Amino acid sequence: MAGHSKWHNIKHRKSGQDAKRAKVFTRIIRELTVAARDGGGNIDDNPGLRVIVEKAKAAQMPRDTMDRAIARGAGGREGGNLETLTYEGYGPGGVAILVEAMTDNRNRTVSEVRHVFARAGGNLGTFGSVSYMFDKRGLISLAAGADEDEVMEIAINVGALDVNVDDLGNVEIVTEPEDCMKIRDTLAGQGIEPISSEVLMAPQNYIDMNVEMAEKVMRLLELLEDLDDVTSVYTNANFPGEMMEN
C-alpha cells in the first residue's frame, strides 16, 4: 500500500548520519569479522555473514576490505574477544529504544550507553523491558520506479510478509529474517535489483511524535549512534515527515 513509510524515514536518517562518519567502515568490518568467526567465512553457508556483506556493499566498502575482514574472522585471528550485546531503554515521550553493540569491554559500553540515556532525557531499562515491542524482520529496499504489481506478485509468492510503497514510489519488502536473502535473490533473478537488504528490529507499533519531542528523541538516537561500540539503534518513534526531508 502507498503512503508514509516509517521504516524508510528511519533508514534515511540513519544512512544520512552514517555518511558523515568515517567510523561506519570500522563498524561493518567488526561485524564481518565476528560473523565469520561465529559461522565461517563462506557466505553460502553463513546467512548472517551474507546479510552483513550486503550491508557492506550498500556502504560501498571495497571488496578487498570485506575479504580481509572475513578472512581474519574465519581464521580466528581477530574478533575473539568481541561480544554482541543489546541494551534496552526509554527515550523522551516514553518511546522504546533498542541499542545493539559490539564490544570487548562490556563494563565500558554499558557505562557509556547509560550516560547517553541520562544526558538526553531517557533512561536505560532492564533486560526485556522493551524488546518485546520489536520483531526481527528482513527489509529489502527498491528504488522508485520499480513495477509495484510485479514486485508484489514475486515477493508474496516466495514468502514476503508485506510490500509497502511510499509516496515517492520507493518499495520496501518486509520478510522473515531467514527469508530475506532468498527473496532478494529471487527478485534479482527476475531483473529487479534491490538497492539494499538487511535484517532489522521492527517496532510492532509506533508512537507519533510532534516536532519538539521528535527533536529530543533524535538527539538521543544520534548520541547513541556516535558511540564507538554501538552498531545499530532502533526506536518505535514515528518522526514527522518534514524532519526526514532535511
Side-chain angles (χ1 to χ4, degrees), residues 4-21 23-24 26-28 30-31 34 51-52 55 82-103 105-139 141 164 172 174 177 196 198-244 246:
H4 178 65
S5 169
K6 303 177 183 69
W7 277 36
H8 177 74
N9 284 344
I10 295 299
K11 282 167 56 59
H12 173 75
R13 177 186 62 79
K14 290 178 65 179
S15 63
Q17 291 299 318
D18 283 344
K20 300 175 184 177
R21 297 197 303 265
K23 67 177 68 172
V24 63
T26 301
R27 292 177 176 179
I28 294 176
R30 293 168 75 184
E31 292 182 72
V34 171
V51 169
I52 301 170
K55 179 179 178 180
L82 289 172
E83 58 180 324
T84 301
L85 301 171
T86 300
Y87 301 100
E88 308 177 33
Y90 292 93
V95 299
I97 297 176
L98 278 182
V99 181
E100 294 178 345
M102 193 170 290
T103 182
N105 185 330
R106 62 166 58 204
N107 290 332
R108 177 195 68 224
T109 305
V110 70
S111 176
E112 292 176 345
V113 170
R114 182 181 289 112
H115 174 72
V116 167
F117 268 100
R119 174 183 171 189
N123 62 283
L124 186 63
T126 57
F127 177 78
S129 57
V130 303
S131 57
Y132 70 93
M133 304 179 192
F134 295 78
D135 295 316
K136 183 175 284 190
R137 292 286 183 258
L139 183 66
S141 299
N164 299 305
E172 296 170 340
V174 183
S196 69
E198 54 190 319
V199 175
L200 306 171
M201 297 302 294
Q204 296 169 358
N205 297 288
Y206 290 84
I207 297 178
D208 291 333
M209 299 274 99
N210 60 36
V211 171
E212 180 182 1
M213 190 60 67
E215 288 175 347
K216 294 179 180 179
V217 174
M218 190 80 78
R219 177 172 179 266
L220 171 55
L221 300 181
E222 290 174 351
L223 288 171
L224 287 168
E225 289 177 337
D226 281 340
L227 294 176
D228 288 340
D229 294 337
V230 169
T231 55
S232 299
V233 181
Y234 305 104
T235 180
N236 64 352
N238 182 30
F239 298 102
E242 59 266 28
M243 293 185 66
M244 299 298 105
N246 298 324

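Predicted, not measured: the structure shown is a model, and the values here were computed from it.
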For [Y], is there any backbone N or O sitting under 3.5 Å from a side-chain donor or acceptor partner on [X]?
{"X": "Gln204", "Y": "Tyr132", "result": "yes"}
{"X": "Tyr90", "Y": "Ser129", "result": "yes"}
{"X": "Asp229", "Y": "Ala101", "result": "no"}
{"X": "Glu88", "Y": "Gly125", "result": "no"}
{"X": "Glu198", "Y": "Lys55", "result": "no"}

### Contact summary for Met133 and Asn236, nearest pair of heavy atoms
SD-ND2, 4.2 Å
### Contact summary for Val51 and Val199, nearest pair of heavy atoms
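Taking every non-hydrogen atom into account, CG1-N, 3.8 Å.
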#### Entry: Counterpart residues, side chain to side chain contact (heavy atoms under 4.5 Å, CB included), relative to Pro92 (two or more places apart)
Met213, Lys216, Val217, Leu220
### Contacts of Thr86 that satisfy side chain to side chain contact (heavy atoms under 4.5 Å, CB included) - sequence neighbours left out
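Partners of Thr86 by the side chain to side chain contact (heavy atoms under 4.5 Å, CB included) criterion, ordered by chain and then number, come out as Leu98, Glu100.
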Hey, could you give me the [atom1]/[atom2] distance between [X] and [Y], rounded to the nearest 0.5 Å?
{"X": "Thr84", "Y": "Arg106", "atom1": "OG1", "atom2": "CZ", "result": "10.5 Å"}
{"X": "Glu225", "Y": "Leu227", "atom1": "CD", "atom2": "CG", "result": "10.0 Å"}
{"X": "Glu112", "Y": "Asp226", "atom1": "CD", "atom2": "CG", "result": "11.5 Å"}

### Task
Could you pull out all residues at least two apart from Asn105 that satisfy side chain to side chain donor-acceptor pair (under 3.5 Å)?
none
### Query
Picking from Arg30, Arg108, Glu83, what satisfies side-chain hydrogen bond (donor to acceptor under 3.5 Å, both in side chains) with Thr103?
Arg108
